[in-house]
2 protein chains.
Amino acid sequence: MFQALSDPSRRAMVERLSHGPASVSQLAEPLAMSLPAVVQHLAMLESSGLVTTQKIGRVRSCTLDTSAMSNAEQWINARRTQWQRRLDRLGDYLDETADEDALK
Amino acid sequence: MFQALSDPSRRAMVERLSHGPASVSQLAEPLAMSLPAVVQHLAMLESSGLVTTQKIGRVRSCTLDTSAMSNAEQWINARRTQWQRRLDRLGDYLDETADEDALK
DNA sequence: AAAATACTTAGGTAATAGCTTAAGTGATTG
DNA sequence: CAATCACTTAAGCTATTACCTAAGTATTTT
């Protein structure tokens, strides 16, 4: 998942696909690399579940799978909120000790 | 950013840090690798902005920077919602043509 | 049926990533 | 002040990644 998104070319492909489905050559067109290279990137996006493809006739159509994307999003979110909870508890603790100080 | 999160060891380190700050050796302890390897991973996390560190005496303390994490989260979210908007427009179009069919 | 299109497969190469061990450095402890 | 501790630096090694070119294989077109 993160592995698949770690490459700038693949992120560009995901960005393109977020605007709608595309064929392999359409995905390749803006990228400065050979078609086989694009196909390799595509294979990674597919095996990570980010993209699904189906071949109709001689053209392969690629579409984004957003449910796979939200997995990555949720992982990040979980770590962020975990951290946030910790900060909140720390805040509570500091407030508490401030009260105790005030009582003295 | 995604580059930094693409390695499982680094994700484990981020996960550990989401529970609170840790020293380099504390980060290294659960990982099956040498300390220099951990330091290399840490350097990546730091240069990506995900983690900030400061050295006090001889121990380096590492903390998570959640604002950097939300950048990655937002990138994913932007692509996902872009896709969602497209599906919505497609739905509108289909509804529209359905109405036109109904008029015939 | 020949030619063009849209990939696909099969190699091969150069750069990078992810480790390792060995030998520092600078701060604390006994 | 010698030893220990917590890293840090340096060098090197292997496997993977990100490409490439060349030569296929199906599908359309003409």
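Just so we're clear, the structure is a prediction, and the values are computed from it rather than from any experiment. A note on names: the letters A, B, ... follow the listed sequences, proteins ahead of strands, and every chain is numbered from 1.
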*Given D/dA6, D/dT28, C/dA22, which nucleotide is nearest the side-chain atoms of B/S25?*
D/dA6
*Quick one: A/L35 CG to D/dG24 C1', roughly how many Å, whole number?*
14 Å
_Please confirm whether the shortest side-chain N or O distance from B/H41 to OP1 or OP2 of C/dC19 is below 4.0 Å._
yes
*Would you sort out whether B/L17 and B/L27 count as a side chain to side chain contact (heavy atoms under 4.5 Å, CB included), showing the intermediate values?*
CA-CA 8 Å; B/L17 288 176; B/L27 279 180; 3.9 Å; yes
*Please name the pair of heavy atoms, one in B/L64 and one in B/S18, separated by the smallest distance, quoted to 0.1 Å.*
CD2-CA, 3.8 Å
*How many Å lie between CZ on B/R58 and P on D/dT8, as a whole number?*
13 Å
_Atom of A/M33, atom of A/S9 and distance for their closest heavy-atom approach_ = CE-OG, 3.3 Å
*Classify the side chain of A/R60 versus the base of C/dC7 as yes if they form a donor-acceptor pair under 3.5 Å and no if they do not.*
no
*Take atom CE of B/M44 and atom P of C/dC19, then tell me their distance rounded to the nearest Å.*
10 Å
*Has B/Q3 got a side-chain N or O lying under 4.0 Å from the OP1 or OP2 atom of C/dA17?*
yes
_Whole angstrom value for the distance that separates P of D/dT16 from CG of B/D7_ = 13 Å
*Is any side-chain N or O of B/K55 closer than 4.0 Å to OP1 or OP2 of C/dA27?*
no
*asked:* Under 4.0 Å from OP1 or OP2 of D/dC19: is there any side-chain N or O of A/S9 that close?
replied: yes
*In whole angstrom, give the distance that lies between atom CG of A/L31 and atom C1' of D/dC19.*
13 Å
*Sugar-phosphate only, base, or nothing, as touched by A/A37 at under 4.0 Å among non-hydrogen atoms*: sugar-phosphate
*Please tell me which of the listed nucleotides, D/dA18, C/dG18, D/dC7, lies nearest to the side chain of B/R10?*
C/dG18
_Nearest-Å distance for atom pair CD/P, residues A/E29 and C/dC7_ = 13 Å
*asked:* Distance check needed: D/dG12 P versus B/Q40 CD, whole Å only.
replied: 15 Å
*With DNA chain D as reference, determine whether A/I56 or A/S6 sits nearer its 5' end, using the nearest nucleotide of each.*
A/S6
*Can you find a side-chain donor-acceptor pair between B/R60 and B/T53 that sits under 3.5 Å?*
yes
*Proximity to the side chain of A/P36 - top-ranked nucleotide from C/dC19, C/dT8, C/dA4*: C/dT8
_Nearest-angstrom distance from the residue atom CZ of A/F2 to P of C/dA17_ = 18 Å
*Verify side chain to side chain contact (heavy atoms under 4.5 Å, CB included) between A/M13 and A/L42, making sure each step is shown before the conclusion.*
CA-CA 8 Å; A/M13 290 167 75; A/L42 187 59; 4.1 Å; yes
*Could you tell me whether A/S34 contacts a base, only the sugar-phosphate backbone, or nothing, with contacts defined as non-hydrogen atoms closer than 4.0 Å?*
base
